[in-house]
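Heads up, the thing below is written out as structure tokens.
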2 protein chains.
Amino acid sequence: MPRRATAQDVADLAGVSRSTVSLVLNGRADGNISATKQLQVIEAARQLSYRPNAVALSLRSQRSWAIGALTWRGASGFPESMLHASWHTAKAAGYLLMIMDTNGDRKHEGLAVSSLLDRQVDAVVVVAPDLVEYRPPEALAQTPTLLINCLDPDRTVVSIAPDELGASASAAQILIDLGHSRIGLLADDAATVQTEQRIEGAQAAAVAAGIPPLEIMVAGHELAAAYALTQERLAGPRPLTGLICTHERLAVGALLAATRQGLDIPGDLSIVSLEDGEHLASELVPAVATVRRPDQPMAEQGIALLIKQLISGGRPEPQQLTFVCPVDLRASVGPVPTDHFRR
Amino acid sequence: MPRRATAQDVADLAGVSRSTVSLVLNGRADGNISATKQLQVIEAARQLSYRPNAVALSLRSQRSWAIGALTWRGASGFPESMLHASWHTAKAAGYLLMIMDTNGDRKHEGLAVSSLLDRQVDAVVVVAPDLVEYRPPEALAQTPTLLINCLDPDRTVVSIAPDELGASASAAQILIDLGHSRIGLLADDAATVQTEQRIEGAQAAAVAAGIPPLEIMVAGHELAAAYALTQERLAGPRPLTGLICTHERLAVGALLAATRQGLDIPGDLSIVSLEDGEHLASELVPAVATVRRPDQPMAEQGIALLIKQLISGGRPEPQQLTFVCPVDLRASVGPVPTDHFRR
DNA sequence: CTGAAAGCGCTTACAG
DNA sequence: CTGAAAGCGCTTACAG
């Protein structure tokens, strides 16, 4: 049961002092240590599979090389793709991402923050599952903090957010450009900036195009509710020809309902989804056109920014960076049905 | 910019030594420190919001109070619910779960393991997205290790796995009990124990019931492939009356295809899903009956076991713990259609 | 050119 | 009943 080798073990084996080991292994031996001893140290380290104890390193250097991530479960689960991209970006820069579930409430958030600060994280990133307003906890005042997919109303830190207004406007515009004028919007019922903006952006596009306002159908975040609402609406008079879903699970419900009604997609009804963090819309049949939330770029650039700040040591200007949501045109959208005008 | 208070700061404010602070704050002051001083220390700590530096604590105690988790992306993403339950169980016991993405390959796994060992994790848990055979890396030989949703062929550590044979047998039995005898199985194409066992278990149930062998349809893990296969098969002669899907995304595809074909579920076709880690099957319309993988209990009991081992310090007998997969009967299954025999 | 010492923030025997 | 010392594993001035 050999315990992990320490610098002392390496020094003993190489017949030098701990300082020498440290200098050699950290590349600061150049003009100082004789070539022979350097080789001895390197060989001893190799032989013992020596790796410095990161805990001791942290204590010594007052840097943990760790970034804390605060996150929680939202309308469509955890923001998996943002967390994944954050983790990899941090890792590539030599940082560990410590992910903490705040449960979405201030009490657990407080515990999570304490736990991160106890472990001396160098920075904290907040990764929100849905775009919301978010005030960083007081306890983080001294810690570099960055917000991803949420906005600080007090503008005290850098935040990164998708252009939700633009995204929903794009979604509506896809349908408008194809001639649709009777368009519905299946929305989440959460009282968030996200839902607000998704409705507002799409509605603005309708107004700008001079078509009637979109019919807002509030489905909650449940797939089955989206199904029920879609079915009900499609059974009624003057059926919709276009439908926007604020996230992918709603699109599954809508597609299923329309399909059961015997409608052809996109022959009778065109469907567009927003978000698609779970990669569901893209896999459906027909594949559902999506104005996708750019989870990966947001997370990558966010973490890169945070690390740059860590290296420079400066405090960046608080600002909001907005990311465009790319349009993925797919088979679920088509021209407005010609017989539609006859009904 | 007040830096975090240290024990020395508390000692200074309370007018005592660091040792006294430590004893009082760790509840070992009883017969040793006067009541007055104890109060002074507690008050000083409160005033400075003192919390011990976890890094220093780790170095001193040779325990990091952290458990490393190795995981990767599988057929249906990361094993989110297992990770979530693991994190919370660890947290409740005072441990931090450090989640590392191994990318599913040995090279990145090696880097992840090194990184965890550098940080002196007290134990490691491997959380596999799909049931596979898994040999713990050599480097973990000295570290308490537990496998969740994977099996060590060499039986060197404790592993926790769902009863996949039983689960798929149950799925088939649901249909058999309802009178079905023409049953298909939409399967993942991965060459894993999981796929093997899911096919084998269902097939064994068919044999035991004396019905024809299940028709195995290999769909890969793509929803769209499940759609295509289902559509093709349903268009053919002697249509299936029952369908088992090895995971929830395949069930979405199958349901969509059957619905587009104008079939009634379960009137014309009964559908059962396995796994449902993403909670999709349960949300569909009709809700799809599922033999669910018990992600939460597996993770909770796994972590609890690992922590018990950490506390006792003993090495547990390597063993495989098998968890039963509960049956969630839902609207997607019904008796075999009566007109079926006439075709 | 190299080793001995100090110190990061803790706790725990050990003196007094 | 309380403080001074040692030590966890490192690195970095500082002597020699």
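Chain letters run A, B, ... following the sequence lines, proteins first and then strands; every chain starts at 1.
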Quick note, side chain to side chain donor-acceptor pair (under 3.5 Å) partners involving residues 297-309 of chain A, not counting sequence neighbours, are A:Gln296-A:Glu300
B:Arg155 meets the salt bridge (charged side-chain N to carboxylate O under 4.0 Å, His left out) criterion, sequence neighbours left out, with none
- Task: Using the P atoms only, state how far D:dG7 lies from C:dA4, rounded to an integer number of Å.
- Result: 16 Å
Output yes when B:Asp152 and B:Arg135 qualify as a salt bridge under the 4.0 Å nitrogen-oxygen rule, no when they do not. no
Query - Cationic N near anionic O, under 4.0 Å, B:Arg4 to A:Asp118 - result: yes
Can you measure [X] atom [atom1] to [N] atom [atom2] for me and round it to whole angstrom units?
{"X": "A:Asp118", "N": "C:dC8", "atom1": "CG", "atom2": "C1'", "answer": "17 Å"}
{"X": "B:Arg63", "N": "C:dC10", "atom1": "CZ", "atom2": "P", "answer": "19 Å"}
{"X": "A:Arg28", "N": "D:dT12", "atom1": "CZ", "atom2": "C1'", "answer": "7 Å"}
{"X": "B:Leu57", "N": "C:dC8", "atom1": "CG", "atom2": "C1'", "answer": "14 Å"}
{"X": "B:Arg51", "N": "C:dC10", "atom1": "CZ", "atom2": "C1'", "answer": "15 Å"}
{"X": "B:Arg119", "N": "D:dG9", "atom1": "CZ", "atom2": "C1'", "answer": "15 Å"}
{"X": "A:Gln62", "N": "C:dC10", "atom1": "CD", "atom2": "P", "answer": "10 Å"}
{"X": "B:Asp12", "N": "D:dG3", "atom1": "CG", "atom2": "P", "answer": "12 Å"}

Sorted by chain and residue number, the side-chain contact (heavy atoms from CB on, under 4.5 Å) partners of B:Leu23 (sequence neighbours excluded) come out as B:Arg28, B:Ile33
By side-chain contact (heavy atoms from CB on, under 4.5 Å), B:Asp295 pairs with (sequence neighbours left out) B:Ser81, B:Met82, B:Arg293, B:Met298
For DNA chain C, the dot-bracket notation using Watson-Crick and G-U wobble pairs below 3.5 Å, [ ] for pseudoknot-type crossings and | for other-strand pairs, is |||.||||||||.|||
Between the OG atom in B:Ser61 and the CD atom in B:Gln120, the distance rounded to the nearest 0.5 Å is 10.0 Å
Under a 4.0 Å heavy-atom cutoff, the residues of residues 17-26 of chain A touching DNA chain D are A:Arg18, A:Ser19, A:Ser22, A:Asn26
Please tell me if [X] has a side-chain N or O lying less than 4.0 Å from either OP1 or OP2 of [N].
{"X": "A:Gln38", "N": "C:dC1", "answer": "no"}
{"X": "A:Gln8", "N": "D:dC8", "answer": "no"}
{"X": "B:Tyr50", "N": "C:dG9", "answer": "no"}

Choosing from [options], which nucleotide comes nearest the side chain of [X]?
{"X": "A:Lys37", "options": "D:dT2, D:dC8, C:dG3", "result": "C:dG3"}
{"X": "B:Leu59", "options": "D:dG3, C:dT2, D:dG9", "result": "D:dG9"}
{"X": "B:Val16", "options": "D:dT2, D:dT12, D:dG3", "result": "D:dG3"}

For B:Phe78, the ring-ring contact (aromatic ring centres under 6.0 Å, His included) test, sequence neighbours excluded, returns A:His84
Contacts satisfying ring-ring contact (aromatic ring centres under 6.0 Å, His included) that involve residues 4-45 of chain A (not counting sequence neighbours) are none
Applying side-chain hydrogen bond (donor to acceptor under 3.5 Å, both in side chains) to A:Lys91 and not counting sequence neighbours gives B:Ser115
The residue, A:Asn53 or B:Gly15, whose nearest nucleotide of DNA chain D is more 5′ is B:Gly15
